[in-house]
Amino acid sequence: MLAFAIAMALGASLAGADEPVGAQEPASSQEAAPAPESTGEATSTPLPAPGYRDLRRITLLRGDPAAGKAKSELCAACHGADGISIAPNFPNLAGQRADYLYWELVEYRSGAMPESAMTPLAANLGDQDMRDLALYYASLPPGRAPAQEEAQAPDTALLERGRQLFMEGDPGKGLPPCQGCHGADGGGHPQAALVDREGHARWAAYPALRGQNAIYLQLRLNAFRTGQLHHSTNDFVMGGVGQRLDDDSISALSAWLAAQGP
């Protein structure tokens, strides 16, 4: 679930821009994670470099959704009063996975994301602000913008190709099925809330994709394909997938996901 060169304009607050605290991520995983040892085999995807965020070692998010609502006024300018975006190049936030939203904000605030309208806004967010905002938007019921509801249905062959890619992948191109990380229903990893014996929620930061704006999804997938995102373990997974996607595959996946009910 997560280029994007897309504005997720979440509002600024008066809190300071402190770093994520240990209640969210164990102290050991806040430090620069070591790069995996080289296997000596060629790979098309660069290995994680020191300083990347290991989202396999996060802990489940805690915060105050009611406080997030009070901090969301500026967010509505792009994402709507109810978390449904006002333009197709902005993501819908309502019902999105809270942990995914939080770590996206962390990436924006750290400067890891490409420059966008989110860059100055996220710079003013404190860690508690990001937690509260993420939980607030996750608590909202998913929906679709009127323009999305009224849009002409895509070609059935395109939708079927998107469904096949999401559910089955394309072994000939080395593409795994998207449902492996995002769930068979496109709502996020089915074990997102599962915590391992070390207290880590390994799959909590995979986003829900169903019902998202097709144009936004196209932009996001293209950002992975062109290597614009490379600062977390999720980015390295999606970078390898993105390099195997062509324009037609991106269009098909985006159209099928957007066509699914929120």
Side-chain angles (χ1 to χ4, degrees), residues 1-12 65-66 68-105 107-108 113-114 116-119 121-122 125 130 132-156 158-163 165-166 178 182-183 185-188 206-224 229 238 247 249-262:
M1 210 219 271
L2 284 168
F4 317 359
I6 299 172
M8 266 181 49
L10 293 173
K69 180 177 181 179
K71 300 171 182 178
S72 68
E73 183 177 356
L74 285 179
C75 312
C78 292
H79 300 288
D82 299 314
I84 306 302
S85 69
I86 65 169
N89 58 314
F90 299 134
N92 296 324
L93 303 183
Q96 182 56 272
R97 298 279 186 168
D99 295 88
Y100 169 75
L101 291 174
Y102 169 77
W103 287 104
E104 286 292 291
L105 286 171
E107 292 291 87
Y108 274 111
M113 291 291 193
S116 75
M118 273 301 297
T119 304
L121 295 176
L125 291 174
M130 296 188 293
D132 295 343
L133 284 165
L135 286 163
Y136 167 62
Y137 281 109
S139 73
L140 297 177
R144 300 164 72 94
Q148 194 177 3
E149 292 283 4
E150 298 165 5
Q152 183 176 358
D155 178 74
T156 55
L158 183 71
L159 292 177
E160 175 58 19
R161 174 60 176 161
R163 186 200 67 79
L165 286 170
F166 188 88
C178 308
H182 299 284
D185 65 351
Y206 290 121
L209 301 178
R210 65 178 298 125
Q212 192 56 264
N213 294 321
I215 292 177
Y216 167 76
L217 291 171
Q218 290 174 11
L219 292 168
R220 182 71 167 185
L221 288 172
N222 189 63
F224 283 120
L229 303 173
M238 281 304 301
D247 288 342
S249 297
I250 287 177
S251 294
L253 273 169
S254 301
W256 184 77
L257 285 165
Q260 306 310 300

*Asks:* Side chain of Arg210, backbone of Gly261: donor and acceptor closer than 3.5 Å?
*Replies:* yes

*Asks:* Ignoring hydrogens, what is the shortest heavy-atom contact between Ala76 and Ile86? Give both atom names and the distance.
*Replies:*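 Ala76 and Ile86 have their closest heavy atoms at O-CG2, 4.3 Å.
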
*Asks:* Using modelled atom types and a 3.5 Å cut-off, is there a donor and acceptor pairing between side-chain atoms of Glu107 and backbone atoms of Trp103?
*Replies:* no

*Asks:* Any donor and acceptor pair, going by atom type alone, linking the side chain of Ser139 with main-chain N or O of Tyr136 inside 3.5 Å?
*Replies:*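 Present.
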
*Asks:* Looking at side-chain heavy atoms only, is the closest gap between Lys71 and Asp132 below 4.5 Å?
*Replies:*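 Of all side-chain heavy-atom pairs linking Asp132 with Lys71, at least one is under 4.5 Å.
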
*Asks:* Are the side chains of Phe90 and His79 in contact, using a 4.5 Å heavy-atom criterion?
*Replies:*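 In short, these two side chains touch, coming nearer than 4.5 Å.
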
*Asks:* To the nearest 0.5 angstrom, please state how far the OG atom of Ser251 sits from the CG atom of Asp155.
*Replies:*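 Ser251 atom OG to Asp155 atom CG measures 12.0 Å (nearest 0.5 Å).
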
*Asks:* Surrounding CG of Asp185 (heavy atoms of other residues, nucleotides or ligands, distance under 6.0 Å), is the total greater than 12?
*Replies:* yes

*Asks:* Which heavy atom of Ile84 sits nearest to which heavy atom of Pro142, and what is that distance?
*Replies:* CD1-C, 4.4 Å

*Asks:* Find out whether Ser249 and Arg161 are in side-chain contact, i.e. whether some heavy atom of one side chain is under 4.5 Å from a heavy atom of the other.
*Replies:*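 The answer is yes, as the side chains (C-beta and beyond) meet within the 4.5 Å cut-off.
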
*Asks:* Hey, does Leu101 have a side-chain heavy atom less than 4.5 Å from the side chain of Leu133?
*Replies:* no

*Asks:* Is the shortest side-chain heavy-atom distance between Pro91 and Leu217 below 4.5 Å?
*Replies:*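 They are not in contact (no side-chain heavy atoms under 4.5 Å apart), so the answer is no.
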
*Asks:* Rounded to the nearest 0.5 Å, how far apart are CE of Met118 and CG of Leu125?
*Replies:* 6.5 Å

*Asks:* Once you round to the nearest 0.5 Å, how far does CG of Leu165 lie from CD of Glu160?
*Replies:* 10.0 Å

*Asks:* Can you give me the closest heavy-atom contact between Tyr137 and Ser72, atom names plus distance?
*Replies:*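 It is OH-CB, 3.5 Å.
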
*Asks:* Rounded to the nearest 0.5 Å, how far apart are CZ of Arg97 and CD of Glu104?
*Replies:* 14.5 Å

*Asks:* Rounded to the nearest 0.5 Å, what separation is found between the CG atom of Leu105 and the CE atom of Met113?
*Replies:*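 Interatomic distance, Leu105 CG to Met113 CE, rounded to 0.5 Å: 9.0 Å.
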
*Asks:* Where is the tightest heavy-atom contact between Ala214 and Ser254, given as atom of each residue plus distance?
*Replies:* O-CB, 3.5 Å

*Asks:* Could you go through Phe166 and Leu253, starting from their C-alpha distance and side-chain angles, then the distance that decides it, and tell me whether this counts as side-chain contact (heavy atoms from CB on, under 4.5 Å)?
*Replies:* CA-CA 7 Å; Phe166 188 88; Leu253 273 169; 4.0 Å; yes

*Asks:* Any side-chain heavy atom of Leu221 within less than 4.5 Å of one from Met238?
*Replies:*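 Yes, at least one pair of side-chain atoms sits under 4.5 Å.
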
*Asks:* Would you confirm whether Asn92, through its side chain, and Ser85, through its main-chain N or O, come within 3.5 Å as a donor-acceptor pair?
*Replies:* yes

*Asks:* Distance check, rounded to the nearest 0.5 Å: Arg144 atom CZ versus Asn213 atom CG?
*Replies:* 8.5 Å

